[in-house]
Number of protein chains: 2
Amino acid sequence: MAKRTRVTRQKAATIADVARLAGVSVATVSRTLARPEVVIEETRIRVLAAVRDTGYMPNISARNLRVRKTMVVLVAVPDIANPFFAEVLQGIDDTLSVAGYGLIIANLAGPPEKEARYVDLVCAGQADGVLLLCGHVIRSPDRDLREARVPLVAACEYIPRENFPQVTIDNVGTAREAVGHLIELGHASIAYLSGPKSNILEQQRLEGYLQALREAGIAADAGLILPGDFTFRAGVEAGRALLALEPVARPTALFAANDEMAIGLIKTVHAAGLQIPDDLSVVGFDGIAYADYCEPTLTTIVQPRRDLGATAAAELIALMTTGKAGLRKDINLPATLALRDSTRPPRKRPGHLRS
Amino acid sequence: MAKRTRVTRQKAATIADVARLAGVSVATVSRTLARPEVVIEETRIRVLAAVRDTGYMPNISARNLRVRKTMVVLVAVPDIANPFFAEVLQGIDDTLSVAGYGLIIANLAGPPEKEARYVDLVCAGQADGVLLLCGHVIRSPDRDLREARVPLVAACEYIPRENFPQVTIDNVGTAREAVGHLIELGHASIAYLSGPKSNILEQQRLEGYLQALREAGIAADAGLILPGDFTFRAGVEAGRALLALEPVARPTALFAANDEMAIGLIKTVHAAGLQIPDDLSVVGFDGIAYADYCEPTLTTIVQPRRDLGATAAAELIALMTTGKAGLRKDINLPATLALRDSTRPPRKRPGHLRS
DNA sequence: ATGCCGCATGTAATCGATTACATTTTCATG
DNA sequence: CATGAAAATGTAATCGATTACATGCGGCAT
């Protein structure tokens with residue numbers, strides 16, 4: 001019976017240890033593991049036994065160095081604590097992990113110099129590809145991801161003037177649909193709770209809001225466009241702003257650029273005695289899990305969060321393996337308006353008749 | 001003036017390219033980057049210029065291979081979409097990233113074979129340490145993390161009978177405090193909405209609940225212990241179960257093993273006409289952001305989520321660098337009872353007097 | 001018997017860094 | 001000016017895998 005040369009091995013076994021124990025060369029061990037069929041049965045058995053006995057695992061750094069791959073992708077996400085992104089991440093993780101990829105998460109919430117560190121990481125060959133959920137190509141003062149020729153795919157937030165694949169939903173169209181729903185219910189005084197002006201999603205959703213009003217022949221009122229920044233707190237503040245208005249000047253409905261703000265707003269105006277949806281109909285955007293938990297449940301545009309992630313991941317895998325992207329460069333996934341309890345026709349009050 | 005040997009370089013520059021351009025040896029380049037002070041100023045300038053001109057970045061796989069480190073840690077998290085863990089992750093990320101570590105997230109939600117893949121990854125030397133948020137040492141059929149001698153730290157969920165550092169809160173004590181608060185308000189009929197029985201957190205929180213009752217001389221009633229599993233849905237179902245009871249047999253207060261269930265329950269019983277907290281006081285556990293957003297805001301045990309993550313990460317760094325853990329093996333962080341709007345003394349009804 | 005083919009395996013180059021050790025240069029001191 | 005220590009740099013081994021190429025061997029056709 002064969003014996004290990006060193007019975008009590010402190011450090012992990014290497015391929016040489018396995019080769020020695022099995023009485024073959026390192027090349028044979030490597031081949032047995034990579035392409036078992038090219039090795040004769042008898043040696044295969046010996047090698048596999050030796051692998052088992054030594055508890056051998058190929059050293060990934062060595063392999064990476066040799067084959068110039070890492071089987072890791074970096075995901076840049078604006079805020080990992082945001083439930084929307086958490087669900088997109090799930091989709092990414094599902095797809096990537098069955099393909100054997102690990103994922104490094106670059107959480108951009110926090111000090112901005114972290115972003116640069118991640119870019120450097122990728123440029124140093126620590127990742128085979130990058131998934132951007134953050135609306136911009138992540139930057140470092142002295143290195144550029146695009147020059148590094150790393151496969152890139154963006155998702156969720158569209159990045160204009162780039163030519164890598166992007167996976168998004170039709171933000172303009174669905175925002176128009178959301179506001180259209182309010183108009184169909186009979187609302188004519190519809191406020192918009194916006195995101196940060198520089199954000200592309202904000203711009204698109206605002207555009208959809210304006211389009212819907214225009215189509216219905218309703219004049220947009222700048223006073224009904226409330227500033228926000230996608231946070232719950234912004235929703236609370238917008239709620240206060242609404243309450244500060246003369247009741248008769250208040251809109252009968254509101255479209256929020258995302259769910260968190262919508263929920264913050266609802267909570268605030270409800271606490272002040274307004275009935276939702278009777279006194280104010282509210283539509284959100286995103287379809288986070290909580291939109292279905294809150295009171296009342298929130299009518300909102302439900303984004304296919306897992307699907308966005310999964311599709312982007314699949315596209316990136318295509319890009320990394322074949323070098324060429326799939327058929328379409330810009331992929332649009334369907335998002336749907338979920339009708340729930342926060343919308344209803346307006347109360348008949350003279351102050352709210354069509355202008 | 002020195003010129004690059006190959007002006008249009010397709011692939012990334014290597015240390016040899018830099019050395020050639022600067023007219024020095026590779027050792028000097030490496031030293032210049034690692035310990036600039038050991039190199040004479042003049043060469044340092046030449047080398048750094050060459051680095052800049054070539055856009056050189058050390059290849060991480062090569063370095064990892066040579067120094068047997070990866071500067072990456074793996075974090076095993078039960079469910080990345082759970083907001084509680086998302087915040088713990090933030091704390092981990094903050095601490096780890098300033099120390100220069102990247103993090104690979106092992107999301108255990110999903111197919112169980114993924115867990116094994118991650119274990120293999122670590123055993124293959126892809127990570128320098130592992131952070132467990134999942135209440136058990138992750139396993140693979142043929143490899144054991146503990147045998148691999150990888151630095152391990154657990155956080156959030158205590159893992160009994162292990163001797164690596166663990167960072168948690170006092171679940172028993174804080175649960176007792178939560179229930180004690182209800183008792184002080186005058187409640188005597190207090191239900192408990194439990195987590196999955198096999199979960200250690202569930203066991204500890206149940207223990208705290210029972211202790212508080214015992215101390216107050218209240219007999220525990222098995223009928224008031226509702227089954228749950230930490231999900232929103234379980235809260236909804238528990239709410240239905242509560243509604244199915246004769247009004248007079250209903251508890252006047254409830255302690256839920258986590259916030260999500262508490263919120264699901266509140267939503268359900270509120271929709272059926274019960275007033276919170278007037279008809280039912282509710283205390284949750286965890287202190288997720290949403291507990292402060294919902295209607296009414298939830299009285300709950302607030303865990304120091306970021307701190308749990310940050311402390312565990314710091315402990316792991318100590319373990320990875322010095323090889324020895326900090327002073328204490330089991331670290332307890334303080335968690336506090338946040339008094340909000342979901343608790344109040346019970347209505348005076350004969351059926352609810354002390355038994 | 002000879003030569004050739006193809007299969008199984010072995011030998012050694014290679015990936016790109018770090019670093020122990022060797023060598024050269026610098027410079028203070030007797 | 002010689003000498004030796006200290007400082008700066010160079011040479012080459014090394015980390016642990018993959019893989020191109022070399023080698024050996026058995027069988028088959030001539």
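Below, chain A is the first sequence line, B the second, and so on; all start at residue 1. From a predicted model like this one, the values you see are computed outputs, not experimental measurements.
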If only atom types and distance count, is the side chain of A:Asn107 paired as donor or acceptor with the main-chain N or O of A:Ile80 below 3.5 Å? yes

Give, for atom CG of B:Asp128 and atom CZ of B:Arg68, the distance between the pair rounded to the nearest 0.5 Å. 12.0 Å

To the nearest Å, how far apart are A:Ile15 CD1 and D:dC15 P? 15 Å

B:Tyr56 side-chain N/O to C:dG16 phosphate OP1/OP2 under 4.0 Å: no

Integer-rounded Å distance: D:dC15 C1' and A:Asn59 CG: 8 Å

For a quick check of understanding: with a heavy-atom distance under 4.0 Å over all strands, which category does B:Thr43 fall into, base, sugar-phosphate or nothing? sugar-phosphate

Candidates C:dA8, D:dA17, D:dT9 - which lies nearest the side chain of A:Ile40: C:dA8

Side chain to side chain contact (heavy atoms under 4.5 Å, CB included) between B:Lys329 and B:Gln166, worked out: CA-CA 6 Å; B:Lys329 200 171 62 81; B:Gln166 306 215 35; 5.9 Å; no

With no angle test and no hydrogens, is the base of C:dT18 tied to the side chain of B:Arg63 by a donor-acceptor pair under 3.5 Å? no

Counting side-chain heavy atoms from CB outward, which of C:dT18, D:dT18, D:dT9 is closest to B:Val26? C:dT18

To the nearest angstrom, the NZ-P distance between B:Lys69 and D:dG16 comes to 16 Å

Take the protein atom CG of A:Asn64 and the nucleotide atom P of D:dT18, then report the distance between them rounded to whole Å. 10 Å

Would you indicate, yes or no, if D:dT14 has its OP1 or OP2 atom less than 4.0 angstrom from a side-chain nitrogen or oxygen of B:Arg68? no

Closest to the B:Val24 side chain: C:dT11, D:dG10, D:dA12? D:dG10

Atom pair distance, as rounded to whole Å: CE in B:Met57 and P in C:dT18: 11 Å

Could you state the atom-to-atom distance from CZ of B:Arg44 to C1' of D:dA7 in whole Å? 14 Å

Any donor-acceptor pair under 3.5 Å linking the side chain of A:Arg305 with the backbone of A:Phe84? no

Contacts of B:Val38 and A:Arg66 projected onto DNA chain D by closest heavy atom; the upstream (5') one is B:Val38

Of B:Thr28 and A:Arg35, the one whose nearest nucleotide on DNA chain D sits closer to the 5' end is B:Thr28

Does B:Arg31 reach a base, just sugar-phosphate, or nothing at all? Heavy atoms under 4.0 Å. base

Atom pair distance, as rounded to whole Å: CD in B:Glu42 and C1' in D:dT9: 12 Å

CD of A:Glu37 versus P of C:dA8: gap in Å, rounded? 10 Å

Reckon A:Ser30 touches a base, only the sugar-phosphate, or nothing at all at heavy-atom distances under 4.0 Å? base

Measure from the side-chain heavy atoms of A:Leu65 and tell me the nearest of D:dT14, D:dG16, C:dG10. D:dG16

Taking atom NZ of A:Lys114 as the centre, report whether more than 12 heavy atoms of other residues, nucleotides or ligands fall under 6.0 Å from it. yes

Do any side-chain nitrogens or oxygens of A:Ser25 fall under 4.0 Å of OP1 or OP2 in C:dG10? yes

For atom CD of B:Glu41, is the number of surrounding heavy atoms from other residues, nucleotides or ligands below 6.0 Å larger than 12? no

